[in-house]
Undergrad: 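This is the structure, below, for whatever I ask next.
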Protein chains: 2
Amino acid sequence: MSLPHAILTALLEKPSSGLELTRRFDRSIGYFWSATHQQIYRELGKLEHEGYIRALPSAQPTRGQKKEYEVLPAGRAELARWTAESQDPKPIRDPLLLRLRAAGVVGAEGIESELRRHLALHQRQLTEYLEIEERDFPPGRDTVEDRLRHAVLRAGIDLETFWTRWLSRTLADLEPPASPSAAAEASTPPAVDTPTPPA
Amino acid sequence: MSLPHAILTALLEKPSSGLELTRRFDRSIGYFWSATHQQIYRELGKLEHEGYIRALPSAQPTRGQKKEYEVLPAGRAELARWTAESQDPKPIRDPLLLRLRAAGVVGAEGIESELRRHLALHQRQLTEYLEIEERDFPPGRDTVEDRLRHAVLRAGIDLETFWTRWLSRTLADLEPPASPSAAAEASTPPAVDTPTPPA
DNA sequence: ACGCTCATGTAACAAGTTACATGATTGA
DNA sequence: TCAATCATGTAACTTGTTACATGAGCGT
């Protein structure tokens, strides 16, 4: 049940329309909780129905017309409740790790180029986060909000750093099958489904 | 579309019944792709229907009777195709980061105990991974499969290491609002939800 | 006969994804 | 007026979650 609370947070930071929210879920908040506009409109409807938010009266309720929402006290209370709630961390769920495991069974044919591609993507994301850090978190200010937001950004930075390091190391580990026997194996792709028969 | 391929991988490693798979999705494979037995049975049905796996003839098809599956050549081919496929990494999606951001808006009341709790959980998980590494990856062997499986485990180790470090640092950052000015800020809560007024 | 565990399943729902539909506004 | 863009929405589907149902085999 994270999306509604992500929306409440975004709306508290600044009342917005559905499309404006969608754009913000492509940047700031979206860096650690993405959502499409369909999800957002659906959820806005629910939140309004439950009395957590309301449409600002200025906008008419016709199709194609902008409709801005703001958070009601009940919504703020619900968000505070959820924030302090006890929630276990979700276990890792990563298709790339799964594919690496599968590669151990059906052969590591095309996976190296994927690792390289992911490495480039994570490096780019890391650069972006570092730029944001430089821009939005100069050494000066030090409110509690600043620290919280900085901590979140630092999680992004550290996670991307982890990926770039792990991918680099894994590539280095895989590239040189080193021993001549292994090299010979690699140059002998006998058929469709031969699962890496190494020495 | 990861679950069917996770199951194909598991079945290639060892033909199993639904319940045996469920158990394995609580351990080895489950460390980076979890699944409940309902998901697994549903997916086994689909995979059989599509001709990727088949039930071993030994077992009768009655309810309550064990039914073992094995992977057919088409299933192995599909898994190899998927493994080498180009798939973009998913952006981060973490409720804890979201809650930290929300705490910046509605106040960081209960979040510190959550951070400590998560820290303990991640430390325990890290210990478990390190034990597995010691047990399953002694310095000796060095086949391609070994390297792949070790790389996957190392991802788990490095990720848990990241979390423990980040949580420790974030806790240290939050505990002492330190500077008098920051303390002054914190003691001026303009509205509903007083954010973190600790000593 | 009873309860326990093993084992397979159904049903209903929640969350996320993909494709498409529709109206309003604005500038060429 | 036409196309592009802004803006809100529907529909259908897939994936994941939660609760429950049912049968087989075994020990007491």
Undergrad: Is the distance from OP1 or OP2 of D/dG9 to the nearest side-chain N or O of A/Tyr41 less than 4.0 Å?
TA: no
Undergrad: Round to the nearest Å and state the distance from B/Lys66 atom NZ to C/dT5 atom P.
TA: 18 Å
Undergrad: Please report, rounded to the nearest Å, how far the C1' atom of C/dG9 is from the OH atom of B/Tyr69.
TA: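 For the pair B/Tyr69 OH and C/dG9 C1', the rounded distance is 10 Å.
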Undergrad: Mind checking A/Ser17 for me? I need base, sugar-phosphate or nothing, with any heavy atom below 4.0 Å counting as a touch.
TA: sugar-phosphate
Undergrad: Short question: side chain of A/Arg99, backbone of B/Glu85 - any donor-acceptor pair under 3.5 Å?
TA: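 The answer is yes, because a donor-acceptor pair under 3.5 Å joins these two groups.
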Undergrad: Mapping B/Lys90 and B/Gly18 onto DNA chain C by nearest heavy atom, which one lands closer to the 5' end?
TA: B/Gly18
Undergrad: Whole angstrom is fine here: how far is it from CD in B/Gln39 over to P in C/dA11?
TA: 18 Å
Undergrad: In whole angstrom, give the distance that lies between atom CG of B/Leu21 and atom C1' of C/dC6.
TA: 15 Å
Undergrad: Identify whether any heavy atom of A/Thr22 sits under 4.0 Å from a base atom; if not, whether one sits that close to sugar-phosphate; answer base, sugar-phosphate or nothing.
TA: nothing
Undergrad: Hey, does the side-chain of B/Arg42 have a donor or acceptor N/O within less than 3.5 Å of a partner on the base of D/dG16?
TA: yes
Undergrad: Measure the distance from CG on A/Leu3 to P on D/dG16 and round it to the nearest whole Å.
TA: 17 Å
Undergrad: Counting side-chain heavy atoms from CB outward, which of C/dC20, C/dA7, D/dT8 is closest to A/Gln38?
TA: C/dC20
Undergrad: Is any side-chain heavy atom of B/Phe32 closer than 4.5 Å to a side-chain heavy atom of A/Arg93?
TA: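 No; the side chains remain at least 4.5 Å from each other.
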Undergrad: Start at the 5' end of DNA chain D and walk down; is the nucleotide closest to B/Trp33 or to A/Arg23 reached first?
TA: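 By nearest-heavy-atom nucleotide position, the 5'-most residue is A/Arg23.
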Undergrad: Map B/His37 and A/Thr36 onto DNA chain C by nearest heavy atom, then report which one ends up closer to the 5' terminus.
TA: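 Closest to the 5' end, via its nearest nucleotide, is B/His37.
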Undergrad: Pick base, sugar-phosphate or nothing for B/Lys46, based on heavy-atom distances below 4.0 Å to the nucleic acid.
TA: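 Sugar-phosphate only.
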Undergrad: Rounded to whole Å, please give me the gap between CZ in A/Arg93 and C1' in D/dT15.
TA: 9 Å
Undergrad: Give the ring-plane orientation class for A/Trp166 versus A/Trp163, where under 30° counts as parallel, over 60° as perpendicular and anything between as tilted.
TA: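 Plane angle over 60°, so perpendicular.
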Undergrad: Let me know the distance between CD of B/Glu20 and P of C/dC6, rounded to the nearest Å.
TA: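 After rounding, the reported distance stands at 12 Å.
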Undergrad: Rounded to whole Å, how long is the line connecting atom CE of A/Met1 with atom P of D/dT17?
TA: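 Distance check: A/Met1 CE to D/dT17 P gives 15 Å.
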Undergrad: Does a donor on one side chain sit under 3.5 Å from an acceptor on the other, for A/His150 and A/Glu133?
TA: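 Present: a donor and an acceptor within the cut-off.
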Undergrad: Distance only, no hydrogens: is a donor on one side chain within 3.5 Å (strictly under) of an acceptor on the other, for B/Gln125 and B/Tyr31?
TA: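 No - no donor-acceptor pair under 3.5 Å links their side chains.
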